[in-house]
Every structure is written in C-alpha cells, then in structure tokens.
Amino acid sequence: MIHFALSEEQKELQNTARQFAQKEIAPVALQYDRQAAFPGEIIQKAHAVGLMNLTCPKEYGGQAMGLVNAALITEEMNAACVAIAGMIGINSLACGPILIAGSEEQKRRFLLPLNQSGKTASFGLTEREAGSDAASLKTRARLEGDSYVLSGQKCFITNASYAALYTIFATLDPAKGSKGICAFIVPREAAGLSIGKVEDKMGQGSLNVAEVILEGVKVPKANLLGHEGEGFKIAMETLDEGRVNIAACGVGLARAAFQAALDYSKQRIQFGKPIGTFQALNFMLADMAAAVDSARLLTWYAASLADQGRRFTREAAQAKFYATDAAMRVATDAVQIHGGYGYTKEFPVEKYMRDAKLMQIYEGTNQVNRIVAGGALLR
Ligand SMILES: Cc1cc2nc3c(=O)[nH]c(=O)nc-3n(C[C@H](O)[C@H](O)[C@H](O)COP(=O)(O)OP(=O)(O)OC[C@H]3O[C@@H](n4cnc5c(N)ncnc54)[C@H](O)[C@@H]3O)c2cc1C
C-alpha cells in the first residue's frame with residue numbers, strides 16, 4: 001500500500017525542525033543575507049538540538065537518520081532560509097566522502113570530533129576550469145614517501161572560510177581523466193592551505209563560498225579515502241545523496257514562496273476584490289501548489305529508494321532538477337503576485353527569487369542533472 005502519512009516520530013522531527021527554523025532562522029534571515037554574515041551562533045544552536053549531521057551514524061556523532069527523515073527536516077530549515085540552512089547542513093555533503101569511503105579509523109578520527117563539537121567541513125571538487133566537467137580537474141597529488149603532496153586551487157567551495165576540515169579531490173595524473181582522481185581528508189591547519197577570494201553573490205548572502213588554495217600541502221597516506229583512482233566515483237556517490245538533499249531544500253523554498261504569495265493574494269484588494277480571486281492569479285496559485293507537491297513527492301521517492309538500499313542516481317538527479325526548477329518558478333511567480341511590492345525588500349519574495357537561482361546551479365547544474373537522469377533512461 002502507498003500512503004503519504006507521516007509516523008508520529010516523523011511528525012515530531014518535522015515539528016522540532018519547524019519550530020527551530022521559525023524561531024531561530026526566519027526572523028533574522030534577511031539581516032544575515034544583507035550583511036553576508038556567518039551564522040555561527042545559529043549553527044551551534046542547531047547542533048545542540050540535534051539538527052546537524054542528520055544521516056551520519058550515531059557512533060560518529062551523527063543523528064543516524066535515513067534520507068526521508070532528513071528531507072523532512074531539510075524542508076523545514078530551508079523554508080526559513082536556504083543560506084543559513086545550507087551552512088547548518090554542509091557536513092552532509094562535505095563529510096559524505098568519508099562516510100562512503102572512509103575506513104573505521106578515519107571515521108572515528110575525523111568525523112567523531114567534528115560532529116561532537118558542532119564544527120563544519122567543506123567539499124572541494126570544483127576548479128576554475130573544471131566545473132560541470134569535474135573529471136578534468138587539475139589539482140595535483142604526488143606521493144612522496146609516506147605522504148601525498150597536494151597543489152592546486154579549488155573555487156566556489158561552500159563554507160571554505162570556516163571549515164575545520166576539507167574533503168579534497170586531486171589527480172595523480174591528469175592524463176588518466178576520472179581514473180586518476182583521489183579523495184583526501186585535509187585538516188584546516190595543514191601547512192600550505194589558505195583561503196582565497198570570498199565570492200560576492202547575487203543571493204544566499206550568509207552561505208560562505210570561497211577559494212581553497214593548496215600550495216604543497218602534505219597529508220599522510222592515512223588521509224587517502226578508499227584507494228588511489230577512486231576519488232571520482234566517491235565524489236559522484238556523494239553527489240547522489242547531496243542531490244536528494246538539494247531537492248528537499250528546493251521544496252522548502254518553494255513552499256515558503258507559495259505561502260507568502262497565497263497570504264498576500266488573500267489580503268491585497270484591487271477592483272474591490274482579493275487579487276487571488278482573479279482567475280489569472282488563481283490559476284498561477286494552483287500551478288504553484290502543484291509544483292510544491294510534486295517536487296516533494298519526487299524528493300521523498302528518491303530518498304525512500306536510498307533508504308531501501310536501492311539504486312537512486314536517476315531519481316536523485318530528477319528530484320534535484322525538478323524541485324529546484326519548481327523553486328525558481330514558484331519564487332518568480334510569488335514576486336509577480338506581489339506586484340511592485342514584490343520587487344522591494346519589504347517582502348521576503350525577492351530574497352526567495354535570488355536564493356532559488358543558485359539551487360539550479362550547484363550540486364551539478366540542472367542541465368547536468370538532466371544529462372544524468374536522461375542518460376540513465378537509455379541504459
Ligand atoms: C554558491 C556556490 C556554491 C558551490 N559550492 C560548491 C562546493 O561546496 N563544492 C564544490 O566542489 N563546488 C561547489 N560549487 C560549484 C558548482 O557545483 C559549479 O558551479 C557547477 O557544477 C557548475 O560549474 P561551473 O560554474 O564551472 O559552470 P560550467 O560548467 O562552466 O557551466 C556553464 C553552463 O554550461 C552548461 N553546461 C556545461 N556542460 C554542459 C553539457 N555537457 N551539456 C549542457 N550544458 C552544459 C551548464 O549547465 C551551465 O549552464 C558551488 C557553486 C556555487 C555558485
């Protein structure tokens with residue numbers, strides 16, 4: 001039987017996240033956005049109530065949830081602010097490679113102290129010349145005795161300025177393409193690691209995004225994840241889970257933008273009637289509600305496949321592009337429904353529109369996610 005009712009435990013999780021997000025995040029979201037401020041205090045509070053490291057097992061300091069339960073929490077947090085929620089949730093991406101390919105010793109040594117202290121990490125794959133074509137990355141790894149020496153530059157790395165550790169992808173030999181790539185755990189204090197330019201972005205102001213510069217950074221052999229040449233596969237597996245997470249972020253933002261538009265359409269009067277009663281806007285609201293509901297169902301479906309241990313690469317890519325396209329469309333329509341006021345900073349919908357745009361770009365652009373989903377259909 002298929003039913004969409006949440007269990008009592010799931011309702012409780014959802015409620016805890018909703019209360020936290022509406023109390024601690026929503027009221028300060030615009031202020032943090034304008035100041036591009038680091039939400040350090042909010043991250044610590046989220047950690048204290050168990051809203052971080054959702055899918056990481058308990059023995060490594062996480063909450064040991066499946067992806068469906070994590071999606072419930074992620075939707076609530078992102079309905080309040082995508083950028084602050086992104087800084088709270090970054091470990092699910094950044095630590096993914098360690099959970100997927102790390103040895104027991106690596107997980108205990110790196111994840112446990114990070115997660116217990118509420119510290120955060122970063123995922124370093126992208127480079128200036130290697131974005132969608134991540135397999136063409138140029139950051140070099142050279143084996144010297146008992147260490148690997150890393151040299152290169154990563155860009156667009158979320159949380160780079162504040163991370164306590166980085167999962168970094170580098171190649172032993174660019175000529176080998178994806179087969180030459182390795183994944184490494186690099187602690188913040190490693191000599192030769194520095195932070196470059198911090199990006200000044202259109203939206204998601206409090207999501208810190210910066211360059212990571214690696215100049216002869218020495219990491220012990222023990223920091224290699226999996227085997228040499230497995231890095232690209234580890235990155236792609238991490239992104240499968242990451243895409244379900246971003247889909248849930250899209251659902252949260254779309255829901256918030258829809259709710260703002262619905263509320264406004266009931267109270268704004270023109271021609272003596274609430275504007276929501278005009279068929280042009282009423283149909284727009286109907287489409288927005290359908291977009292939110294369908295994005296959520298695709299997200300839960302991909303998450304449930306993952307929780308059952310089944311393949312979910314296509315479904316994750318599909319949920320990601322669909323939910324984030326929905327978020328962009330719903331946010332744009334929410335601005336339209338607010339008329340001129342929608343374009344001012346007096347209402348939250350302009351922020352939703354700016355924030356939504358980024359979701360169509362990171363964790364694989366929506367073009368790339370369509371390539372992943374479309375390719376799987378032909379196999
Ligand atoms: C705010 C932000 C945070 C990010 N955080 C991280 C992070 O934490 N870690 C990390 O490693 N990376 C991160 N990224 C990088 C992000 O994943 C890349 O920006 C993204 O993968 C696209 O790469 P690119 O920007 O180089 O664009 P390009 O790859 O140059 O793409 C440009 C355009 O070409 C299109 N395109 C490219 N190839 C194809 C193709 N084969 N078919 C059709 N269209 C194509 C793209 O869809 C896009 O529209 C972040 C990016 C941003 C902006």
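All values derive from a computational prediction rather than experimental measurement. Order of appearance sets the numbers: ligands from 1, and atoms from 1 within every ligand.
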- Residue, atom and distance of the protein heavy atom nearest atom 7 (C) of ligand 1 read Phe156 O, 3.3 Å
- Task: Using heavy-atom distances, let me know which of Ile90, Thr365, Val209, Leu137 sits nearest atom 22 (C) of ligand 1.
- Result: Thr365
- Query: Under 4.0 Å from atom 49 (O) of ligand 1, is there any protein heavy atom?
  - Reply: yes
- protein heavy-atom neighbour closest to atom 20 (C) of ligand 1 works out as Ile361 O, 3.7 Å
- Any salt bridge between Lys11 and Glu8, counting N to O under 4.0 Å? yes
- Query: Going by the atom numbers of ligand 1, which of them fall below 4.0 Å from some non-hydrogen atom of Ile371?
  - Reply: 40 (C), 41 (N), 42 (N)
- Task: Considering heavy atoms of the protein only, find what lies nearest to atom 12 (N) of ligand 1 and give residue, atom and distance to 0.1 Å.
- Result: Thr126 OG1, 2.7 Å
- Identify the closest protein heavy atom to atom 2 (C) of ligand 1: which residue and atom is it, and at what distance? Leu358 CD1, 3.8 Å
- Closest non-hydrogen protein atom to atom 9 (N) of ligand 1, residue and atom name please, with distance? Phe123 O, 2.8 Å
- Item | ligand 1 atoms in contact with Lys201 (distance to a heavy atom under 4.0 Å) | 1 (C)
- Message: For atom 44 (N) of ligand 1, what's the nearest protein heavy-atom neighbour? Residue, atom name and distance, please.
- Response: Gln367 CB, 3.8 Å
- Query: Does the ring centre of Phe169 sit less than 6.0 Å away from the ring centre of Phe123?
  - Reply: yes
- Item | Atoms in ligand 1 flagged as close to Glu363, the criterion being non-hydrogen separation under 4.0 Å | 17 (O)
- Ligand-side contact atoms (ligand 1) for residue partner Leu125, heavy atom cut-off under 4.0 Å: 11 (O)
- Task: Name the option, out of Ser132, Ala94, Gly131, Gly124, that contains the heavy atom nearest to atom 38 (N) of ligand 1.
- Result: Ser132
